[in-house]
Amino acid sequence: MSLQERINEVQLRIDQACERTGRNSEDVHVVAVTKYVSIEATKQVLDHGLHHIGENRLQVVKPKWEALGDRGVWHFIGHLQTNKVKDIIGKFTYIHSLDRISLAQELDKKAAQGNSVIQAFVQVNISGEQTKMGMSPDQVAGFLSEIKDLKHIHVIGLMTMAPFEGDPEDTRPIFRGLRELRDELNTMAVTEQPLEHLSMGMSNDFEVAVEEGATWLRLGTLLVGKEEEEGWES
Ligand SMILES: *Cc1c(COP(=O)(O)O)cnc(C)c1O
């Protein structure tokens, strides 16, 4: 399948999932995760009109960003070491993996220096799997009130990763859990403005995520593809 065909196919499946649940497909945004592909392939993605680009490894991002940075809106989706924050400020508009106070403080400090505001999703480990990053659901309210005064981070929602399931239906409780947590936090009014967004759903499970309220999907393999020959660890 060509890139255009994959884009069409993904959009159709998003539209159908929206239709099943009475959602508006304009409320579902796609981050094209280009972490598995080259600069050239990333350029193709941008040429095809996908503007939101997701990356998770800074060593690989640097040359890509230098070549294509001003053409897209960049989302950092991986674990971020505090001492690497300086490398993303001014390049990435969004971070999907805000998971601790020290990272929030450093992001705020560096964003303030650059006179910018970073849009953030708090990463939550809904599944409780040891291997998954993110804070536990019961830590989020406290975390949000602790970072409330950091003016250079704007928390717009929550993010989670579901464990890979042979049957995507099995991921539903995870996505539902993230939505319920967001709604509960909004009822408690722990943030100045209600949390709007849910970053959830990957190649294997995005339709279930849409049905459960995802507003940002992070799609790599299915949409952009994967260049095995690059030999990157994943
Ligand atoms: C790699 C990655 C994705 C994309 O995964 P695919 O299954 O290839 O769609 C999404 N989110 C995060 C955090 C990732 O690391």
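Remember, it's 1-based here, ligands and their atoms both numbered in the order they're listed.
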Counting from 1, what ligand 1 atoms have a heavy atom of Met161 closer than 4.0 Å?
13 (C)

Classify the angle between the aromatic ring planes of Phe121 and His96 as parallel (below 30°), tilted (30 to 60°) or perpendicular (above 60°).
parallel

Hey, are Glu180 and Arg176 close enough for a salt bridge, meaning a charged N less than 4.0 Å from a carboxylate O?
no

Out of Gly78, Gly220, Gly225, whose heavy atom sits nearest atom 4 (C) of ligand 1?
Gly220

Tell me whether Lys35 has any N or O atom under 3.5 angstrom from an N or O of ligand 1.
yes

Select one of side chain, backbone, both or neither to describe which atoms of Lys226 lie under 4.0 Å from any atom of ligand 1, heavy atoms only.
neither

How are the rings of Tyr94 and His52 set relative to one another: parallel (under 30°), tilted (30 to 60°) or perpendicular (over 60°)?
perpendicular

Run the numbers for me: atoms of ligand 1, each under 4.0 Å from some heavy atom of Arg218, listed by number.
4 (C), 9 (O), 10 (C), 11 (N), 12 (C), 13 (C)

Does a side-chain N-to-carboxylate-O contact under 4.0 Å join Glu212 and Arg172?
yes

Working for salt bridge (Lys or Arg N to Asp or Glu O under 4.0 Å), residues Lys43 and Asp47:
CA-CA 6 Å; Lys43 182 176 174 297; Asp47 288 343; 3.1 Å; yes

Please write down residue, atom name and distance for the protein heavy atom closest to atom 5 (O) of ligand 1.
Met202 CE, 3.4 Å

Between ligand 1 and Phe206, can you find any atom pair, the residue atom being a heavy atom, that is separated by under 4.0 Å?
no

Thr221 neighbourhood, listing ligand 1 atoms whose heavy-atom distance to it stays under 4.0 Å:
6 (P), 7 (O), 8 (O), 9 (O)

closest protein heavy atom to atom 13 (C) of ligand 1 is Ile77 O, 3.4 Å

Can you list the steps and then say if Gln123 with Met161 is a side chain to side chain contact (heavy atoms under 4.5 Å, CB included)?
CA-CA 8 Å; Gln123 184 166 358; Met161 283 173 82; 4.3 Å; yes

If we count only N and O atoms by modelled type, under 3.5 Å, do the side chains of Ser97 and Asp99 hold a donor and an acceptor together?
no

Indicate whether any N or O donor in one side chain lies under 3.5 Å from an N or O acceptor in the other, for Ser25 and Asp27.
no

Option set Ser203, Ser97, Gly201, Gly54, criterion heavy-atom distance to atom 6 (P) of ligand 1, minimum
Ser203

Contact atoms of ligand 1, heavy-atom distance to Leu219 under 4.0 Å
9 (O)

